Structure formats: C-alpha cells, structure tokens
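Written below as structure tokens is the structure these notes are about.
Not measured: the values here are computed from a predicted model. Numbers for residues simply follow the sequence, beginning at 1.
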Amino acid sequence: MSVGASGDADSLREKTTILLAEDDDDIRLMMKTRLGIKGYRVLEARDGQETLEVARLALPDVILMDLQLPRLNGFAVARFVRQTDSLRGVPIIVVSAHDPAKHRNLALAAGCNAYVQKPIDFDSLDDMILNLLLRD
C-alpha cells in the first residue's frame with residue numbers, strides 16, 4: 001500500500017517519530033536535517049547501546065540505523081529490538097555504505113525490514129518509510 005494524497009503523507013510524517021542511529025556526527029546532522037525538513041520528528045542515538053536505551057524509552061515508529069555502530073553493532077541492535085515485546089513491530093531500516101550484496105541478507109536475517117545504500121536518496125527513503133508504516 002502506498003500513500004495517496006500529499007496531505008495524507010504530510011499528516012503521517014508529522015505523527016511519525018524516527019530514531020536515527022548513526023555514530024558519524026556530520027552524517028547524523030545531515031540526515032536529521034533532511035528528515036526534519038520532510039516533517040518527521042527525529043530522535044538521535046550515537047551507538048548501539050544508546051539506540052536500545054532511546055528505543056525502549058521513546059518507542060519510535062521507525063528506526064534508521066547504520067550497521068557499524070560502536071558498543072553494539074546494527075545486527076545486534078536489530079536482534080535485541082525483535083526480542084523486545086514493545087519494539088518487535090517497529091520497522092528497522094539499515095542505512096549503510098557497505099556493499100548490499102554482502103550485508104543486505106545479513107541485515108534482513110537479523111530482523112531489519114529494509115536496506116538503503118549511502119549516499120542516500122531521501123525521496124526514496126521517504127517513500128520507503130511511509131510504505132513501511134502503512135504495510136499492515
């Protein structure tokens with residue numbers, strides 16, 4: 001299912017909280033800014049452990065995360081999220097510079113819903129987020 005009218009998409013974005021897990025400050029700022037411009041509320045985490053802590057407290061609608069996070073990598077974060085009752089249904093999108101041929105299947109097996117390669121096409125990412133939110 002995809003979002004129909006632009007107003008419907010705008011309304012959904014305004015109601016959506018994204019947890020952005022990225023250890024690179026510049027990339028995190030750029031992504032937060034671009035997602036904020038689209039209308040999303042964005043929470044931040046700088047490592048895998050912080051991602052889990054923020055997720056448990058804030059119960060985000062979507063988790064966007066890099067695979068190579070300090071303290072706990074993205075694969076481990078995804079597995080923990082899928083084992084946590086309150087977070088089990090939260091879509092997880094991996095955003096990575098790694099070769100998708102090698103890492104996409106590993107990410108999906110760990111419980112991620114989608115894989116986006118850097119550099120990011122934010123219009124495609126936006127469509128992916130909206131469609132994951134509406135998948136039920």
Side-chain angles (χ1 to χ4, degrees):
M1 177 184 221
S2 63
V3 177
S6 176
D8 292 342
D10 290 343
S11 176
L12 183 55
R13 286 183 197 100
E14 291 170 4
K15 296 175 187 173
T16 300
T17 299
I18 295 174
L19 173 53
L20 173 61
E22 170 62 61
D23 61 316
D24 183 289
D25 293 339
D26 293 333
I27 294 172
R28 193 175 58 255
L29 176 61
M30 180 269 300
M31 290 181 68
K32 180 179 181 177
T33 301
R34 297 286 302 267
L35 292 164
I37 288 169
K38 295 266 187 201
Y40 295 106
R41 178 174 177 244
V42 181
L43 305 175
E44 301 174 64
R46 291 163 185 78
D47 63 51
Q49 190 62 44
E50 185 180 14
T51 301
L52 291 176
E53 292 165 7
V54 173
R56 285 183 188 121
L57 291 172
L59 301 175
D61 300 297
V62 176
I63 298 173
L64 284 180
M65 74 176 166
D66 189 14
L67 287 176
Q68 298 300 317
L69 295 170
R71 293 178 57 197
L72 200 59
N73 70 36
F75 300 114
V77 170
R79 286 190 291 272
F80 278 113
V81 166
R82 292 297 172 240
Q83 294 170 4
T84 304
D85 289 338
S86 60
L87 299 171
R88 187 168 287 130
V90 175
I92 302 171
I93 302 172
V94 168
V95 181
S96 181
H98 290 289
D99 179 11
K102 180 177 180 184
H103 290 93
R104 176 179 282 130
N105 288 339
L106 293 172
L108 296 176
C112 299
N113 299 84
Y115 189 101
V116 174
Q117 176 118 23
K118 294 176 185 175
I120 303 162
D121 174 338
F122 279 90
D123 289 332
S124 294
L125 177 59
D126 181 42
D127 288 343
M128 182 181 293
I129 291 167
L130 293 172
N131 285 314
L132 282 169
L133 290 169
L134 294 170
R135 74 181 185 264
D136 297 326

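- Formation of a donor-acceptor pair under 3.5 Å by the Ser96 side chain with backbone atoms of His98 is found in this model.
- Ionic pairing of Glu22 and Lys118 is present here: one or more N-O contacts between side-chain nitrogen and carboxylate oxygen are shorter than 4.0 angstrom.
- For the residue pair Tyr40/Asp126, the side-chain donor-acceptor check at 3.5 Å is satisfied.
- One N or O on the side chain of Asn113 and one on the backbone of Ile92 form a donor-acceptor pair closer than 3.5 Å.
- The OG atom of Ser86 lies 5.0 Å from the CG atom of Leu59; values are rounded to the nearest 0.5 Å.
- Of all heavy-atom pairs between Cys112 and Val94, the closest is SG-CG2, 3.3 Å.
- The 12-atom threshold is exceeded at CZ of Arg82, counting heavy atoms of other residues, nucleotides or ligands nearer than 6.0 Å.
- How far CG of Leu43 is from CG of Leu64: 11.5 Å, rounded to the nearest 0.5 Å.
- A 6.0 Å sphere centred on NZ of Lys15 holds no more than 12 heavy atoms belonging to other residues, nucleotides or ligands.
- Arg28 and Leu20 get closest at one heavy-atom pair: O-CD2, 3.5 Å.
- Here the closest non-hydrogen pair linking Gly89 and Arg135 is O-NH2, 3.1 Å.
- Across every non-hydrogen atom of Ala114 and Leu108, the tightest pair is N-CD2, 4.0 Å.
- In this structure the side chain of Val62 never reaches within 4.5 angstrom of the side chain of Leu132, judged on heavy atoms.
- Linking ILVMFWY side-chain heavy atoms closer than 4.5 Å, directly or via other members, places Leu130 and Ile63 in two distinct hydrophobic clusters.
- Linking ILVMFWY residues whenever their side-chain heavy atoms come closer than 4.5 Å, directly or via other members, places Val116 and Met31 in the same cluster.
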Step-by-step side chain to side chain contact (heavy atoms under 4.5 Å, CB included) determination, Gln68 to Asp23: CA-CA 8 Å; Gln68 298 300 317; Asp23 61 316; 5.7 Å; no
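- Lys102 has no carboxylate O lying under 4.0 Å from a charged side-chain N of Asp99, or vice versa, which leaves the two without a salt bridge.
- When all heavy atoms of Pro70 and Arg46 are compared, the closest pair comes out as CD-O, 3.8 Å.
- Atoms CZ and CD1, on Phe122 and Ile37 in that order, are 9.5 Å from each other to the nearest 0.5 Å.
- Looking at Asp66, its side chain never comes within 3.5 Å of a backbone N or O of Leu69 through a donor-acceptor pair.
- Hydrophobic clustering, with ILVMFWY side chains joined whenever heavy atoms are under 4.5 angstrom apart, groups Phe80 together with Leu87.
- The cluster map of Ile, Leu, Val, Met, Phe, Trp and Tyr, joined by side-chain heavy atoms under 4.5 Å apart, puts Leu67 and Met128 in different clusters.
- Atom OH of Tyr115 has more than 12 heavy atoms from other residues, nucleotides or ligands within 6.0 Å.
- Closest approach of Asn73 and Ala76 over heavy atoms only: OD1-N, 2.9 Å.
- In the hydrophobic cluster analysis, where Ile, Leu, Val, Met, Phe, Trp and Tyr join through side-chain heavy atoms closer than 4.5 angstrom, Val81 is grouped together with Met65.
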Worked check of side chain to side chain contact (heavy atoms under 4.5 Å, CB included) between Leu19 and Thr51: CA-CA 8 Å; Leu19 173 53; Thr51 301; 3.9 Å; yes
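- Atom CG of Leu125 and atom CD1 of Ile120 lie 6.5 Å apart (nearest 0.5 Å).
- Of the inter-residue distances, the one linking Leu35 atom CG with Ile129 atom CD1 reads 5.5 Å to the nearest 0.5 angstrom.
- The line from NZ of Lys38 to OG1 of Thr16 is 13.5 Å long, rounded to the nearest 0.5 Å.
- Salt bridge Asp61/Arg13: absent, no basic N to carboxylate O contact under 4.0 Å.
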